[in-house]
4 protein chains.
Amino acid sequence: MTQGPRKLINGNENEAVWKPIKERRHERADKKSAVLRKAARLFLAQGYNRTNLNDIAEQLNITKPALYNYFASKDEMLFECFRLGHEMILHQMAEIAESPTSGLEKVARFIRAYARLMTTDYGACMVRLDERELPARTLEHVRAFKRDIDHRLRKFVSGGVEDGSIIRCDVKLTTFAIAGSLNWIGHWYKPKGASPDRIGEEFAARLIAGLAQQQSKPKNPTQ
Amino acid sequence: MTQGPRKLINGNENEAVWKPIKERRHERADKKSAVLRKAARLFLAQGYNRTNLNDIAEQLNITKPALYNYFASKDEMLFECFRLGHEMILHQMAEIAESPTSGLEKVARFIRAYARLMTTDYGACMVRLDERELPARTLEHVRAFKRDIDHRLRKFVSGGVEDGSIIRCDVKLTTFAIAGSLNWIGHWYKPKGASPDRIGEEFAARLIAGLAQQQSKPKNPTQ
Amino acid sequence: MTQGPRKLINGNENEAVWKPIKERRHERADKKSAVLRKAARLFLAQGYNRTNLNDIAEQLNITKPALYNYFASKDEMLFECFRLGHEMILHQMAEIAESPTSGLEKVARFIRAYARLMTTDYGACMVRLDERELPARTLEHVRAFKRDIDHRLRKFVSGGVEDGSIIRCDVKLTTFAIAGSLNWIGHWYKPKGASPDRIGEEFAARLIAGLAQQQSKPKNPTQ
Amino acid sequence: MTQGPRKLINGNENEAVWKPIKERRHERADKKSAVLRKAARLFLAQGYNRTNLNDIAEQLNITKPALYNYFASKDEMLFECFRLGHEMILHQMAEIAESPTSGLEKVARFIRAYARLMTTDYGACMVRLDERELPARTLEHVRAFKRDIDHRLRKFVSGGVEDGSIIRCDVKLTTFAIAGSLNWIGHWYKPKGASPDRIGEEFAARLIAGLAQQQSKPKNPTQ
DNA sequence: GATGAATGAGCCTTCATTCAT
DNA sequence: TATGAATGAAGGCTCATTCAT
């Protein structure tokens, strides 16, 4: 609170003006991250509505209004969860898209990557939290995030159909089938069960089987 | 409400003394159903929390406290949504379980049936509403509902592994993969898109492909 | 609130850094007391049910939810009224119990003390508010408070019977007779009538007369 | 309401007009009494506020709106409880007032009579229910009832002081002391404890002792 | 940056009472 | 007379957010 005076007493003026500012920026970013992660975990554990700002603040050993130093509102925290989740997924999908492989292989890689993401906090937030809690403006952003992911996955699939690695199928429904399997991971995954990689492999095996062209289908299409 | 005409058509004036009582019972049951269906739809459309009793009452042209003639509390409505959803699913699964078919075929039938259910109000409620809104007592019931469904599906799968119609696989993960695909339908289904039956067929085709033993696998495993 | 002036008078500007914290604590305790006293008075004046939190808040120039900074619920306020009343009574009875006097004298002292307490807010709360408004948990506490007081008074009476200062009588009924007279004060007392001390003397005189052994009974035992 | 027609159709005109009317009047009065007694007991057992009309109706095997055939409102029931209580007390006091006895004896008789009344439903209602639940109009009536009783008792006491049977004392406080003891009975009396008569005797003995002039005071002043 | 205190808005629920039948 | 259904009014409580310090 009245740290100013104390700093004058204890501090070294040079450090007080320069270093701390950088440090503070780091500290500030770290704290913001800590707040968000705590929020994300509580949102997942209890639901967004049943998590109040006091819950979050208490677990961070600060008080409710202190949260407003880092986020302008509760729904901004929620939006950030979605944004980070989307960012992670997007990053993986972009990488896969650029790889010079068949559509089937892209889908397989996506499954493995996305399965792993579903076992992370922000990944799970993307599929378990309800964007309708957001105000109109940010709501639209999140919906765009989700459409974006969906479209990209559809592109993998339709690319596979075109390059012959994937059977002719209803791209939209197929995409939904894959996405549903994967999203569900966010609901049931628990650290003490099967490992994220294990889950990714198994899901890739199961889901790819229904897509691969017979002739090109190895016994285990994910190897 | 518009019973008058119907009474004139069907009714016998002599029965007038008795019938009203029966009719009232029907009316009451009908009204309760109407309340619940409206509640379910609003819960799905806006989320449970963002739906207040006024919303429900207004759309029914009654006032908020009138709802308490039919349900003791808001969360009782929510529980009933889950209960009806579970009831429908259970009914289908029981029928499938009794059929003298291979495990693979049971899974295929389940996929078609469950896909259809996901396109109904109470079916979607089962997977889209959050049971954690419920008080402890009924929360446990709903969790038991969900475990029950999960166990039954696992039995279909493990039965198929045992009878040789399904490849050796991680039963738990496989069940999750199937359930996830299907549950997701409740989130994206819209009446103007693909028909429930169409969805069921496509999903059966895709999901079964990864399970069927090669030799026994026809081109379209669900025929 | 009007601490400003007082601070100017009493305070030392140097202490300003520390004192506010202490002062705030005091303020907080003071405010809590003020809330409770206002609540107690309204409960007495209008009855617990007919007093709503708005009534209390308005008279304190705050808003209804601000009350929740000090009490977790309306019934917690009620319980505190009972608790403080009990505390005051208990304190007096404990002191009397320790005094090296006859049972009769203890009863006489109790009458005077209790009569005075009945003319205070929390004292009157003990006998005029209905503990059945409380939830099960705290209800039992209050009933224990009341049983406690009753038992202690019975002990004074039975002690007097044993030490010969009080005639043989039905201890239970006698205790009820005394307690009833005294409790009733809480219902009729008004500041502009007889003074608390006056009431205590008169009641002691009247009530003791029926208890004292003849030989030891002065004409007016309270003079 | 629109029974007229049906009566014309089904009824026998003679019976319908004469006998049933008397019978119905009796029935009606009986039912009204039953309603009131049930209400009184619930008011005492749970408090007026916590007793809702459903509670009363249920215990009578009728429905809530049926109560409105007998009483215009809930507070009319409450008022009737007070009125009956007052009536009973008044009746006894009037009888005592007319008896050619000393003031002391009148007080003694009053104590015995009132103690008994406190063990009855409507007697207890007089002292345990809160007249402030009533609307302004009837509230004033009940307050008048209570003042009336108070005045009459004061008259007994002051009469006794004048006729020399009672010591000089503060008539008002003395009356309060007696009334308080007696009213309290309504709060603690239970059928399985001391009998009403027993209580009356004991209370008369205790309370009279402090009033009787020494010379005229027999060992047991109430004989 | 951080805090204690306060607020406004909103929501579920209760209940006496009314009304058509 | 009696009932099922509905209503208006009110009350306790929660919580994100603001503000002075």
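Letters A, B, ... mirror the listed sequences (proteins, then strands); counts begin at 1. Atoms considered below: every heavy atom in the structure, side chains included; atoms not considered: hydrogens, waters and symmetry mates.
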Item to complete: Give the rounded distance in Å between these two atoms: CG of A:N69 and P of E:dT3.
Response: 9 Å
Item to complete: Would you check if C:R83 and C:V142 make a side-chain contact, meaning some heavy-atom pair closer than 4.5 Å?
Response: no
Practice prompt. Applying salt bridge (charged side-chain N to carboxylate O under 4.0 Å, His left out), name anything that partners D:E76, two or more places apart in sequence or on another chain.
Written response: none
Discussion item. According to salt bridge (charged side-chain N to carboxylate O under 4.0 Å, His left out), does anything in residues 40-67 of chain C pair up with another residue at least two apart or in another chain? List the pairs.
Written reply: C:R41-C:D121, C:R50-D:D130, C:R50-D:E133
Worksheet item: Within the structure shown, what part of the strands sits under 4.0 Å from B:F71 by heavy-atom distance: base, sugar-phosphate, or nothing?
Response: nothing
Worksheet item: Would you say B:R28 reaches F:dG4's phosphate, i.e. side-chain N/O to OP1/OP2 under 4.0 Å?
Response: no
Worksheet item: For the atom pair CD1 (C:I62) and CG (C:L67), what is the distance rounded to the nearest 0.5 Å?
Response: 4.5 Å
Worksheet entry | D:L60 CG - F:dA2 P separation (whole Å) | 11 Å
Discussion item. Is any side-chain heavy atom of D:F71 closer than 4.5 Å to one of D:L36?
Written reply: yes
Discussion item. Rounding to an integer number of Å, can you tell me how far D:L67 CG sits from F:dT3 P?
Written reply: 9 Å
Practice prompt. Let me know the distance between OH of D:Y70 and C1' of E:dT17, rounded to the nearest Å.
Written response: 18 Å
Discussion item. Show me, range against range, the stems involving DNA chain F, built from at least 3 consecutive Watson-Crick or G-U pairs below 3.5 Å.
Written reply: E:2-21 with F:2-21
Worksheet item: Over how many whole Å does the gap from A:N61 atom CG to E:dG1 atom P extend?
Response: 18 Å
Fill in: Whole angstrom value for the distance that separates C1' of F:dA16 from CD1 of A:I56
11 Å
Worksheet, complete the sentence: Residue set satisfying ring pair (Phe, Tyr, Trp, His ring centres under 6.0 Å) with B:Y48, at least two apart, ordered chain then number -> B:F43
Worksheet item: If you measure from CZ on D:R37 to CG on D:L84, what distance do you get to the nearest 0.5 Å?
Response: 8.5 Å
Worksheet item: Within a strict 4.5 Å, meaning less than it, do heavy atoms of the C:M77 and C:L53 side chains meet?
Response: yes
Item to complete: Starting from P on F:dA16, measure out to CZ on A:F79 and report it in whole angstrom.
Response: 20 Å
Practice prompt. Write down the distance between CD (C:E76) and P (F:dT14), rounded to a whole number of angstrom.
Written response: 11 Å
Please list each protein N or O that sits under 3.5 Å from an N or O in nucleotides 14-16 of chain E, with the distance.
residue, atom, partner, partner atom, Å
E:dC15, OP2, D:N52, ND2, 3.2
E:dA16, OP1, D:K74, NZ, 3.0
E:dA16, OP2, D:L53, N, 3.0

Item to complete: Report the residues that fulfil side chain to side chain donor-acceptor pair (under 3.5 Å) with D:S73, sequence neighbours left out, ordered by chain and then residue number.
Response: D:D75
